[in-house]
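To start, the structure itself, in structure tokens.
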Amino acid sequence: MSNQTQSINILAIESSCDDTAAAVLSNGKVLSNVVSSQLIHELYGGVVPELASRAHQQSIVPVVDLAIKKSGLNLNDLQAIAFTKGPGLIGSLMVGSSFAKSLAYSLNLPLIGVHHMEAHILAHFIPEKKPNFPFLCLTVSGGHTQIVRMNDYFSFEIIGKTIDDAAGEAFDKSAKLLGLPYPGGPLIDKYAAEGKVVYNFSQPQIPALDYSFSGLKTNILYFLQKQVKENKNFVNENLHDICASIQDAIIKHLMKKLVLASVQTGIKNIALAGGVSANSGLRNAIENEGKNRSWNTFVPPFEFCTDNAAMVGITAHYKFLANQFETLDTSPSARF
Ligand code: KG4
Ligand code: ZN
């Protein structure tokens, strides 16, 4: 028992978008990591915020319960409750934060609020191989595309970002143009693996370390309209090559600025984070570029790429050590 009183055991909850997730960490080690993905949105071609909030309400109790059971701990063994404070869908965030606050109040435990994108980056401190500071993190999700210079756990600078769509949106919107269901990113990845890069989409010309994906999307739209006019089965007959070409265009743009950021800052510790870091083409591109440029690369294990609560838990672990707690009157923020 004396061991347990010295441990930092944290229950973490993530509910920012369309995954209800809970994890238990002990001293920064993941004991359990449960994710329940909401399939209902597939019917609508994108996340419907009100449906997401309702699905979180239905899932949160069983998901937390399962995370506690799988961890082998009891509620009484916990030292803190963590939750995603933002950014995200406000209704979804409210479900997770209200639940976390109630539980913290009833167990008389401190509460830790976590920034979703910071959590994606700090997920790199879960595996044995952890990055040294400073490192650059290409953070690519459904809502964000940023190059972040991490100076310390909670000290960072965003040195490049998208001026319009996020990389995940570029994948999902392109997939939609091809008639694929939401979220289309993983499907483009899957079909691209069996295709060749045969179509050239123009690369965005954006200054400095910033990104832009909206022009690429329009480029793909016009290309498809032209081809389908000539052959109405064009998409079906060439799906794998189209996906490989779209994926290649997105990755080239992501890599170009990341390479530039490394050259400009002289930082060779390079990490990848966020849902799009699950993309096999991007993972390979970073590893290959890394070999050529003597980078020390950090690509997260798949379970910590897309939204999960273990990443919230590891961020909360460092916040616990830094005494960064919330009061019970805290509220989530969609644009945190
Ligand atoms: O981080 P995340 O799970 O949720 C947000 O915080 O947005 O990222 C979701 C995004 C979606 O756009 C999804 O299509 C994309 O990540 N994604 C992928 C892959 N897996 C997830 N995009 C390309 N290839 C993948 N394998
Ligand atoms: Zn995310």
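Both counts, for ligands and for their atoms, begin at 1 and track the order of listing.
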For ligand 1, does Asn279 get within less than 4.0 Å through its side chain, its backbone, both, or neither, judged by non-hydrogen atoms? both
Mind checking whether Gln247 has a heavy atom under 4.0 Å from ligand 1? no
Using 2.8 Å as the threshold, say whether any N, O or S atom from Cys17 sits that close to the Zn ion (ligand 2). no
Would you kindly check if the NZ (Lys) or CZ (Arg) of Arg149 is within the cone defined by 45 degrees around the ring axis of Phe133 and under 6.0 Å from the six-membered ring centre? no
Tell me whether Lys129 forms a cation-pi arrangement with Phe298, defined as NZ or CZ under 6.0 Å from the six-membered ring centre and within 45 degrees of its axis. yes
If you check every N/O/S atom of His116, which is the one nearest the Zn ion (ligand 2)? NE2
Output field: ring centroids His41/Tyr182 closer than 6.0 Å: no
Could you tell me if any non-hydrogen atom of Cys17 lies under 4.0 Å from any atom of ligand 1? no
For atom 2 (P) of ligand 1, what is the nearest protein heavy atom, given as residue, atom name and distance? Asp307 OD1, 3.3 Å
contact_flag His116 ligand 1 heavy-atom lt 4.0 Å: yes
Of all N, O or S atoms in Asp307, which has the smallest distance to the Zn ion (ligand 2)? OD1
Is the centre of the Phe223 ring less than 6.0 Å from the centre of the Phe201 ring? yes
